[in-house]
Amino acid sequence: MKHFIRVTILVILITVSVGFGLQALGLMPPLASKQGESIDKLFYMEIWVIAFLFALIVGFLLYSIIVFRRKKGDESEGDHFDGHTGLEVVWTIVPLGIVLYFAFLGSSALAETRRVDPAAMDVTVVGQQWSWRFDYDDYGFSSTELVLPVSQQVLLTMISNDVIHSFWVPEFRVKQDVLPGKGMERELRITPTEIGDYKVRCAELCGLEHAYMLADVRVLSESGFQTWVDDQMASISNDPVVRGENWYQQYGCLACHSIDGSKRAGPTWLGIYGNEESLADGTSIIIDDDYLLESILDPGAKIVLGYENVVMPPTGKNMNEQQVQDVIEFIKSLSE
Ligand code: CUA
């Protein structure tokens with residue numbers, strides 16, 4: 001009996017030190033969403049169960065190693081034990097109960113992260129190698145950073161332009177794979193609870209630049225968010241040429257196409273509209289609206305002489321019709 005009392009005390013001591021020790025390690029970044037609350041609660045409960053199971057095994061093990069060590073000169077056989085049906089039933093039923101209870105907690109936490117707020121703001125998340133774009137469908141503009149008002153639920157509808165990515169903001173806890181293909185949209189609901197700056201990380205290995213597939217997330221006060229929306233709206237010009245220049249920068253066309261005549265991976269846009277251009281296959285074309293439209297949507301269709309088919313990112317498919325038209329207007333304006 002005295003052994004059991006000692007082991008019990010040992011198990012309690014190990015449980016408490018491992019439990020508090022694991023929590024003190026700060027395994028989780030600060031919590032910043034409502035959906036994360038039930039996840040964290042579950043996580044810390046599991047830490048205590050883990051600490052207890054660890055203590056139960058290691059406590060008995062350590063105690064036995066030290067106290068029941070074979071004495072010097074003792075060559076006798078160990079005691080013989082028969083099974084103990086009662087004990088076996090207990091150690092089967094009790095863990096089963098605990099596992100079922102945690103399954104219940106897990107499914108309630110999952111349900112909690114999916115709780116629908118009908119007033120949620122809609123944002124479409126587009127992932128592609130290797131960047132994120134956020135379409136504010138309620139306002140009609142796009143952004144390369146995710147800006148959210150605090151304490152309001154946002155419904156993120158996610159789609160990928162190429163391979164599988166995964167949307168993950170550690171402080172929000174919830175995570176969702178972003179899949180390519182029609183009808184493969186996935187949803188995630190987030191209600192930010194803390195004003196601050198965070199980062200979206202891609203959590204699915206998606207190619208060369210996977211590790212750098214980041215985007216800024218800013219959670220603002222309600223009035224701060226409204227100011228940001230107003231600024232975004234104001235920057236959407238009525239002039240298609242100005243909009244086109246905007247897309248030229250936002251969608252990264254500038255990486256390969258100069259507007260000052262210099263040669264980059266793709267042809268410059270300066271003064272090309274209306275020109276006759278020789279193609280790699282020996283034919284030639286006049287650069288008009290149709291040719292530009294085709295080149296934006298299907299970059300490999302006609303390659304200009306002297307350039308490689310470097311597989312332009314599917315930028316055109318990522319833009320809506322109006323944006324593509326704006327870009328064409330911008331290219332035209334560079335020949336006037
Ligand atoms: Cu996208 Cu990893």
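We count residues from 1, following the sequence as given. Keep in mind the model is a prediction, meaning the values are calculated, not measured. Counting starts at 1 for both ligands and their atoms, in listed order.
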Q) Just checking, any donor-acceptor pair under 3.5 angstrom between side chains of Arg189 and Gln153? A) yes
Q: Report the hydrophobic cluster partners of Leu205, with the cluster defined as I, L, V, M, F, W, Y residues connected by side-chain heavy atoms closer than 4.5 angstrom, directly or transitively.
A: none
Q | Min side-chain heavy-atom separation Trp132-Val125 under 4.5 Å | A | yes
Q | Aromatic plane relationship, Phe330 with Tyr248 - under 30° parallel, 30 to 60° tilted, over 60° perpendicular | A | tilted
(Q) For a side chain to side chain donor-acceptor pair (under 3.5 Å) check, start with the C-alpha distance between Ser284 and Glu276, then their side-chain angles and the critical distance, and finish with the verdict. (A) CA-CA 7 Å; Ser284 65; Glu276 185 170 345; 3.0 Å; yes
**Q.** N, O or S atoms of the protein lying under 2.8 Å from atom 2 (Cu) of ligand 1
**A.** Cys202 SG, Glu204 O, Cys206 SG, His210 ND1
(Q) Would you call the rings of Phe167 and Phe134 parallel, tilted or perpendicular, taking 30° and 60° as the class edges? (A) perpendicular
